[in-house]
Amino acid sequence: MNPLLACPRFDLEATLESGQFFRWTRDGDAFDILRGLRLFRARQRGATLEVQGADRWFVREFFSLDHDLAVVEKGLRRDRSLWPALDACAGVRLLRQDPWECTAAFILSTASNIPRIARTVEAIARTAGRPVTLGSSAGQAFPRPAAMPGETALRKLGAGFRAPYLERAARLAAGGLLEEIAELDTDAARDTLQVMPGVGVKVADCILLFAYGRLDVFPIDTWIRKVMIRLFFRGRRVPDRAIRAFAQERWGDLAGYAQQYLYHWSRSGGLAFPRRPRVVAGNRE
DNA sequence: GGCCAGGTCCAAT
DNA sequence: ATTGGACATGGC
């Protein structure tokens with residue numbers, strides 16, 4: 001009844017903690033995961049994944065266990081500058097999230113932070129989502145576009161200035177906008193996503209990378225900008241398009257993984273950004 | 001308390 | 001085409 005599946009080069013915990021997905025909780029050595037309308041539980045033992053509440057196919061798809069991380073790592077290792085990030089992110093995979101859920105979360109992500117995004121997403125689900133259960137644990141799925149609360153309610157739930165964006169985006173999603181995306185090439189898909197209010201280049205790229213498996217996109221946020229400028233542009237300010245062009249040319253279809261590793265690594269304190277020189281007891285650090 | 005936060009929108013160069 | 005400020009809310 002509980003599927004076991006092989007998961008070579010996979011780190012469940014690190015993947016969930018890498019900031020791409022917000023609907024999970026830890027329960028001892030297991031994780032409760034809400035993906036779309038499904039609640040399932042996963043526990044990793046070495047290269048084996050034990051799952052309750054979802055079939056193998058669903059889990060394999062969600063965790064992108066079909067991605068060949070050996071190829072990803074080998075390709076990215078050509079860049080010495082990526083070694084620390086690669087070492088820190090072994091087994092981190094890009095997920096295939098529910099497109100609407102991912103869209104909503106990243107509309108909420110603008111000028112915010114992970115704990116707050118997760119909190120607001122959770123609040124919306126508690127208010128408007130369908131109850132889902134798995135054995136003794138229970139949760140609420142994130143509401144489908146048509147069931148999203150209105151602007152006023154979203155504000156009360158902590159969406160802030162993003163509330164009207166989210167409401168209008170939900171309307172567009174309910175009209176089928178997100179179903180078109182899969183059929184389009186990446187540039188057209190990005191343009192189409194940006195029709196939704198609150199979705200600019202960065203958010204669109206996150207959606208493409210985290211929900212549609214477009215591994216060639218390279219979302220640039222403040223962390224990535226900082227780390228890329230430091231690693232590859234000698235600390236000189238450059239426009240985002242220069243960073244994108246660089247990533248695209250350098251990493252191609254691996255750019256998405258490069259981004260995720262750089263993001264997770266830098267955010268977990270990896271780069272050891274030189275702190276402002278501190279003067280301590282007359283000694284300079 | 002002011003500043004910044006997984007940006008985007010809009011108006012003014 | 002590029003640049004600057006506003007936008008809610010919360011944490012430090």
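What's counted below: heavy atoms across the whole structure, side chains too, no hydrogens, waters or symmetry copies. Computed from a predicted structure; not experimentally measured. In what follows, chains carry the letters A, B, and so on, assigned in the order in which the sequence lines appear, proteins first and then strands, with residues in each chain numbered from 1.
- As rounded to the nearest Å, C/dA6 and B/dC3 have P atoms that lie 12 Å from one another.
- Salt-bridge formation is detected for the pair A/Asp205/A/Arg190: a Lys NZ or Arg NE/NH1/NH2 atom is positioned less than 4.0 Å from an Asp or Glu carboxylate oxygen.
- For A/His264, there are no ring pair (Phe, Tyr, Trp, His ring centres under 6.0 Å) partners at least two apart in sequence or on another chain.
- Rounded to whole Å, the separation between the P atoms of B/dC4 and C/dG5 comes to 12 Å.
- Distance A/Asp240 CG to C/dT2 C1': 12 Å, rounded to the nearest Å.
- Atom name C1', nucleotides C/dG10 and B/dC9: the rounded distance is 22 Å, in whole Å.
- Between A/Asp32 and A/Arg23 there is no salt bridge, since none of the side-chain N atoms of the basic residue sits less than 4.0 Å from a carboxylate O of the acidic one.
- Note: CZ (A/Arg116) to P (B/dC4) measures 17 Å, nearest angstrom.
- A/Arg162 has no side-chain polar atom (N or O) that falls below the 4.0 Å cut-off from OP1 or OP2 of C/dC7.
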Mark up nucleotides 6-13 of chain B, 5' to 3', with B wherever a protein heavy atom is under 4.0 angstrom from a base atom, S wherever such an atom reaches only the sugar-phosphate, and - elsewhere. BBSS----
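- Between C/dT2 and A/Arg241, a contact under 4.0 Å exists linking OP1 or OP2 to a side-chain N or O.
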Check the pair A/Phe21, A/Phe210 against side chain to side chain contact (heavy atoms under 4.5 Å, CB included), reporting the backbone distance first and the verdict last. CA-CA 8 Å; A/Phe21 177 68; A/Phe210 301 145; over 6 Å; no
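- Inspection of the A/Thr186 and A/Arg214 side chains reveals an N or O donor paired with an N or O acceptor under 3.5 Å.
- Note: CG (A/Leu166) to C1' (C/dA8) measures 14 Å, nearest angstrom.
- Checked by atom type, the side-chain pair A/Trp251/A/Asp216 shows no donor-acceptor distance below 3.5 Å.
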